Student: 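Attaching a single structure in structure tokens format; questions to follow.
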Amino acid sequence: MELKLMMEKLGAPQTHLGLKSMIKEVDEDFDGKLSFREFLLIFHKAAAGELQEESGLLALAKLSEIDVALEGVKGAKDFFEAKVYALSSASKFEAELRAEQEERKREEEKRRLRRAAFRELKAAFSA
């Protein structure tokens, strides 16, 4: 079903028999399904010229081919910039949390010292 949907989205719909034929062409374990390894095998065979010319797999490989020299990396730059921003935002958040925790520790220490001083004064006046 996934292969059927993918082929339709790529603009190369296949019949049920065509899909079965495509799967059979790379199905190494003969389970009638495409594993990830078998899916990658489609592109390996296409690059090596081992797919039948009328094969839907050859159409799949050609439709999903990208010429980086022509297309460039487009979204990769945005992806990595977003990743760096997310990581830096996360580290800023962590820094803010650490600063808040340190502030709480300082305030707790001040409170502890005030209580100790109060106890000393109380003891001096009670004696």
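What you are looking at is a predicted structure, and each value in this text was computed from that prediction instead of being measured.
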Student: Answer yes or no: does atom CD of Glu2 have more than 12 heavy-atom neighbours from other residues, nucleotides or ligands under 6.0 Å?
Tutor: no
Student: Would you indicate whether the side-chain heavy atoms of Ile42 and Leu34 approach each other to under 4.5 Å?
Tutor: yes
Student: Drop me the distance from Leu41's CG to Ser35's OG, to the nearest 0.5 angstrom.
Tutor: 8.5 Å
Student: Determine yes or no for a side-chain-to-main-chain donor-acceptor pair under 3.5 angstrom, with Glu38 supplying the side chain and Glu28 the backbone.
Tutor: yes
Student: Output a table of donor-acceptor pairs, distance under 3.5 Å, between side-chain atoms of residues 12-19 and any protein atom two or more places apart or on a different chain; print 'none' if there are none.
Tutor:
unit_1	atom_1	unit_2	atom_2	d
Gln14	NE2	Ala12	O	3.3
Thr15	OG1	Gly18	N	2.9

Student: For the pair Arg114 and Lys110, evaluate side-chain contact (heavy atoms from CB on, under 4.5 Å) and give the outcome as yes or no after the intermediate values.
Tutor: CA-CA 6 Å; Arg114 281 195 309 266; Lys110 285 179 188 177; 3.9 Å; yes
Student: Measuring from Ile23:CD1 to Lys33:NZ, what's the distance to the nearest 0.5 Å?
Tutor: 10.5 Å
Student: For Glu120 and Phe125, what are the C-alpha separation, side-chain angles and deciding distance, and is it a side-chain contact (heavy atoms from CB on, under 4.5 Å)?
Tutor: CA-CA 9 Å; Glu120 285 179 26; Phe125 285 107; over 6 Å; no
Student: Run the salt bridge (charged side-chain N to carboxylate O under 4.0 Å, His left out) test on Arg112 and Glu108 for me, step by step, so that the C-alpha distance in whole Å, both residues' side-chain angles and the decisive distance to 0.1 Å come before the verdict.
Tutor: CA-CA 6 Å; Arg112 190 185 62 74; Glu108 186 59 39; over 6 Å; no
Student: From Glu107 CD over to Lys105 NZ, what is the distance, rounded to the nearest 0.5 angstrom?
Tutor: 13.5 Å
Student: Measure the CE-NZ distance between Met1 and Lys4 for me, rounded to the nearest 0.5 Å.
Tutor: 5.0 Å
Student: Are any of the side-chain nitrogens in Glu103 or Arg106 under 4.0 Å away from the carboxylate oxygens of its partner?
Tutor: yes
Student: What are the two closest heavy atoms between Lys45 and Glu25, and how far apart are they?
Tutor: NZ-O, 3.2 Å
